[in-house]
Amino acid sequence: MDNCKDWTQLKVTVPLGHLDTLVAIMSMLNNNLMIEDFSDIDLKTCYGDLIDESILNADKTVASVSVFLDADRPFTDAVAFIRDRMSESGFEGKVEVIGVNEEDWANSWKAYYKTLHIGKRMVIVPMWEEYTPAEGEIIVRMDPGMAFGTGTHETTRLVIELLEEYTKPGCRMLDVGCGSGILAICASKLGAAECKAYDIDPVAVRVANENIVESGQQNVTCEVSDLLRQVDLSGGKYDLICANIVADIIIRMAPDVGAYMKDDAVLLASGIISERADEVTDALEQNGLTVARKLEDNGWCALVVQKN
């Protein structure tokens with residue numbers, strides 16, 4: 001009997017100087033990585049004549065990292081996650097999904113993206129599917145394209161569950177690193193009066209704005225910003241902030257985010273692997289914030305953070 005599983009190889013190639021950062025990003029998906037770095041290989045080694053010519057002639061200014069994903073699971077969130085994190089870290093890379101034709105990316109993953117129930121009321125429905133809501137359900141229709149945020153990833157689900165609890169009618173909400181715009185749209189549908197979403201990636205901003213238009217939520221806007229740098233404070237501080245990003249970036253935000261929070265505001269910080277929760281908590285608490293709760297799901301966690 002053949003018990004072999006089918007895998008999709010997700011391969012990212014970057015300039016050699018960014019290899020360590022890429023390894024850290026890719027390890028958030030899976031610790032079993034394949035690294036291709038040929039920079040130290042040449043004919044001067046004692047076994048140089050045994051080295052394959054294709055390796056000797058490989059571009060030594062770049063390196064690649066691959067992770068292997070179960071072929072039965074969607075890969076679009078993984079691709080978008082990596083693109084977003086590379087962009088936040090200040091570099092770009094070539095992303096290849098081996099086993100899937102690149103021209104098919106825009107459609108092939110749709111077979112795996114189905115209606116998803118999150119929390120007590122939220123239902124994330126693909127734009128192309130029909131769905132009749134049950135009484136009390138709140139429907140969010142999404143076409144995430146290649147932007148992070150379909151609701152299938154643990155980090156996104158955790159924040160949506162928390163949004164059900166912490167979105168108060170009439171509040172002002174800020175989403176930092178918004179990806180597809182899913183969190184701001186959810187907050188709007190849960191009663192927020194104003195939702196401002198930002199992402200450093202112009203592709204994500206374009207996708208988010210398309211989803212916002214399709215959602216009909218006219219109180220949601222999305223613009224480009226490097227974390228908090230371009231965030232609009234003209235209307236005052238925020239009641240609720242979401243940062244579904246990654247541990248290092250939340251740590252980087254920690255000294256500044258309090259200035260964007262009202263005294264009774266809540267920050268929902270996610271995208272954190274459980275092993276780094278204490279590190280993120282320490283950074284937040286060193287900057288006048290208190291971690292009131294921690295939710296975990298499959299090795300990821302989300303933090304509920306309040307001002308002291």
E96 and T13: which non-hydrogen atoms are nearest, and at how many Å?
OE2-OG1, 4.2 Å
Which atoms form the tightest heavy-atom contact between I212 and C222, and what is the distance?
CD1-CB, 3.8 Å
Hey, could you give me the CE/CE distance between M26 and M34, rounded to the nearest 0.5 Å?
9.5 Å
Can you find a heavy atom in the side chain of R276 that is under 4.5 Å from one in the side chain of I251?
yes
Report the C-alpha separation of R121 and E164 in whole Å, then their side-chain angles, then the decisive distance to 0.1 Å, and conclude whether the side chain to side chain contact (heavy atoms under 4.5 Å, CB included) test is met.
CA-CA 8 Å; R121 293 184 290 163; E164 280 195 332; 3.4 Å; yes
Does any part of the side chain of V12, heavy atoms only, come nearer than 4.5 Å to the side chain of S64, both counted from C-beta?
no
L240 and side chain to side chain contact (heavy atoms under 4.5 Å, CB included): which partner among L162, L174, L163?
L163
To the nearest 0.5 Å, tell me how far Q306 CD sits from Y166 OH.
6.5 Å
Between W300 and G271, what is the shortest heavy-atom contact and its length?
CZ3-O, 3.5 Å
Are V257 and I200 connected into the same hydrophobic cluster when the rule is that any two of I, L, V, M, F, W, Y join if their side-chain heavy atoms are below 4.5 Å apart?
no
Are M86 and V62 linked, directly or through intermediate hydrophobic residues, by side-chain heavy-atom contacts shorter than 4.5 Å (ILVMFWY only)?
no
Go through the steps for F68 and Q9 under the test side chain to side chain contact (heavy atoms under 4.5 Å, CB included), then give the verdict.
CA-CA 5 Å; F68 294 85; Q9 180 184 357; 3.6 Å; yes
Verify the neighbour count for atom CD of E165: are there more than 12 heavy atoms of other residues, nucleotides or ligands below 6.0 Å?
yes
What donor-acceptor contacts under 3.5 angstrom involve side-chain atoms of residues 17-25, with partners at least two apart or in another chain?
none

Min side-chain heavy-atom separation L233-Y238 under 4.5 Å:
yes
N209 and side chain to side chain contact (heavy atoms under 4.5 Å, CB included): which partner among V205, N211, V213, V207?
V205
Of all the heavy-atom pairs spanning C301 and K294, show the shortest one and how long it is.
CB-CG, 4.1 Å
Return the CD1 to OG distance between I82 and S87, rounded to the nearest 0.5 Å.
13.5 Å
When rounded to the nearest 0.5 Å, the distance separating CD of E154 from CG of N298 is 4.5 Å
Quick one: which residue pairs count as a salt bridge (Lys or Arg N to Asp or Glu O under 4.0 Å) with a foot in residues 167-183, not counting sequence neighbours?
R172-E194
Counting distance only, does the side-chain N/O of K307 pair as donor-acceptor with the main-chain N or O of M261 below 3.5 Å?
yes
Any donor-acceptor pair under 3.5 Å linking the side chain of Q230 with the backbone of D226?
yes
Could you walk me through whether R83 and D199 pass the salt bridge (charged side-chain N to carboxylate O under 4.0 Å, His left out) check?
CA-CA 12 Å; R83 288 188 189 277; D199 202 289; over 6 Å; no
For R206, is there an ion pair with E210 - N to carboxylate O distance below 4.0 angstrom?
yes
Apply side chain to side chain contact (heavy atoms under 4.5 Å, CB included) to residues L16 and T61 and explain how you reach the verdict.
CA-CA 5 Å; L16 185 61; T61 67; 5.7 Å; no
The reported gap from CG in L303 to OG1 in T290 (rounded to nearest 0.5 angstrom) is 12.0 Å
Under a 3.5 Å threshold, yes or no: a donor from one side chain and an acceptor from the other, between N219 and S188?
yes
Shared hydrophobic cluster for V176 and V224 (ILVMFWY, side-chain gaps under 4.5 Å):
no
Show the nearest heavy-atom pair for residues S27 and L33, with the distance to one decimal.
N-CD1, 4.0 Å
Side chains of C186 and M122: closer than 4.5 Å at any heavy-atom pair?
yes
Taking all atoms of both residues into account, what is the closest heavy-atom pair of A192 and M173, and its distance?
CB-CB, 4.4 Å
Check: L268 and V304 side chains under 4.5 Å, non-hydrogen atoms:
yes
Is M253 close to L228 at the side-chain level, that is, under 4.5 Å between some pair of heavy atoms?
yes
How long is the straight-line distance from CD of E223 back to SG of C178, given to the nearest 0.5 Å?
10.5 Å
Within the structure provided, determine whether I160 and I182 are in side-chain contact (heavy-atom separation under 4.5 Å).
yes
Derivation of the side chain to side chain contact (heavy atoms under 4.5 Å, CB included) call for E279 and I272:
CA-CA 10 Å; E279 186 180 350; I272 307 163; over 6 Å; no
Quick check: does any side chain N or O of S270 sit under 3.5 Å from a backbone N or O of T155, one acting as donor and the other as acceptor?
yes
